[in-house]
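Residues: numbered from 1 along the sequence shown. As the structure is a prediction and not an experimental result, all values here were calculated from the model.
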Amino acid sequence: MNRIVMRNFFRGLINGRSFSSIAGAGAGVGGVRVSLAAVASPGTKYQPVTDGGFHWRRMLSSSAAMAEEQGKEKLEHRIKDVENQEQEKEKEKEKEKEKDNALVSSYWGIYRPKITREDGSDWPWNCFMPWETYRADVSIDLGKHHEPKAFLDKVAYRVVKLLRIPTDIFFQRRYGCRAVMLETVAAVPGMVGGMLLHLKSLRKFEHSGGWIKALLEEAENERMHLMTMIELVQPKWYERLLVITVQGVFFNAFFVLYLMSPKLAHRIVGYLEEEAIHSYTEYLKDIENGKIENVPAPAIAIDYWRLPKDARLKDVIMVIRADEAHHRDVNHFASDIHFQGKELKESAAPLGYH
C-alpha cells in the first residue's frame, strides 16, 4: 500500500500537482497525509495551503454549464433549421406559382415584361404600373365653391347636404372608417359616366372628346384611395354590410340620374367632392392634434403618389384631399358644359387631371 501511495505521490509531483491532507483514510509520507479516495479519483487538482500542508481539492467539473450551452446551441440550430425549411417551402410555392403562370402565359403567348422602380428594385404592384403614378398637386385651391344659383344646382346642393347627415351621425369623428365609406361611393360616378359615354359613343359612331377616359381615370383614382385606406383601417362586419348596401343603392340611383340629367349628376358629384375635402381636412386636424396617430404611409401610397420613403399618414391624407379637389373641378366643369346646352365632346377632357 505504501508503495502505491508513494508512486502516486511522486507522480503528482512530477506532473506539477500538489497534495493536501484530507480527513479520512490515507497514508502518511514525509508528514503529508494523502487521501486514498483522492489518489484513486481521476481528474483532481491539489492546491497548497498556508499551514504548511497541502489542501486536497477536487476540481469542480463544468459539465452542467457545458450541457446547458450545448442545449442552447441545439435549440438555436433547430430554430434555424425550422426557419430555413419555412423559407424553402415559401420559395418552392413561389416557384410553383411562377411555373403555373409561365405555363399559362407560354400557351397564350402573354408575358408581363420585367418592371423595376427607379432604384432598380422589382415593381411589386400588379394593380397599377409606374407610368400611372404621379405627384399630386397639393397647391390646388381647396376653398373653391360653386354657388348654387340655378334650380338644379340648389337641388344638387340640398341632396348632398341631406346625405351628409346620416354619415355624420353614424361615423362621427371616425374619419378612417368614414373615408372607406366615402371612397366606395366616390368611385361609382366616374365608372357610371364613363360607361354610359362609352355606350353612347358606340351607338352614335362618334368620339367622346376624351371624356370616357377622363371619367374612368377618376374612378380608378378613387379606387386607389380606397385601396390605400384599407391598409390603414380595417372596417368591421357591419360597416362592410353598410358599404354593400349603400353602393348597391347609389349605383342604381346614379345610373338612372345620369341617363335623365347628366348636368345634375355631375353637379351632385361636384358637391360630394367638396364634402370630401371638408372630411379630409377634419381628418388632418385630428392627426395634427394627436387624436389620430400619424403612422407611416402604406407602401402602396408611397409608390402610387411617388411619396418619400419616410412619408407619414398626414402626407397621404394631403395628396388624397388634393385629388378630391381636382375631381370637384372636373365635375363642376362637366356640369357647366351641360348647362350651356353643349355636349361633353365639344370641350376637351382634362386627361391626367387627378
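Remark: aromatic rings of His332 and Tyr271 are close, center separation under 6.0 Å. Separation of the His266 and Phe333 ring centroids does not fall under the 6.0 Å cut-off.
For the side-chain contact (heavy atoms from CB on, under 4.5 Å) with Asn221, the qualifying choice from Arg223, His225, Glu218 is His225, the only one to do so. When Ile287, Leu232, Ile317, Leu284 are each tested for a side-chain contact (heavy atoms from CB on, under 4.5 Å) with Ile292, only one passes: Ile287.
For Arg328, there are no salt bridge (Lys or Arg N to Asp or Glu O under 4.0 Å) partners two or more places apart in sequence or in a different chain.
Within a 6.0 Å sphere centred on CE of Met318, other residues, nucleotides and ligands contribute 12 heavy atoms or fewer. Taking a 6.0 Å sphere around CD of Glu293, one finds it holds 12 or fewer heavy atoms contributed by other residues, nucleotides or ligands.
Although no hydrogens or angles enter the test, the distance criterion places no donor-acceptor pair under 3.5 Å between the side chain of Ser121 and the main chain of Arg117. In this structure, the side chain of Ser279 engages the main chain of Glu275 through a donor-acceptor pair within 3.5 Å.
For Asp323 and Trp305, the side-chain atoms include at least one donor-acceptor pair closer than 3.5 Å. If you check the side chains of Thr281 and Arg321, you find a donor sitting under 3.5 Å from an acceptor.
Cluster partners of Leu162, using a side-chain heavy-atom cutoff of under 4.5 Å among ILVMFWY residues and allowing indirect links, are Ile165, Ile169.
Atom CD1 of Ile302 and atom OG1 of Thr133 lie 13.0 Å apart (nearest 0.5 Å). With rounding to the nearest 0.5 angstrom, the CD1 atom of Ile320 is 11.0 Å from the CG atom of Asp315. With rounding to the nearest 0.5 angstrom, the CG atom of Leu196 is 12.5 Å from the OG atom of Ser208. Atom CG of residue Leu215 and atom CE of residue Met191 lie 10.0 Å apart, to the nearest 0.5 angstrom.
For the pair Tyr238/Leu242, no side-chain contact is recorded, criterion being any heavy-atom separation below 4.5 Å from C-beta on.
In terms of heavy-atom proximity, Cys127 sits nearest to Glu132 at O-OE1, 4.4 Å.
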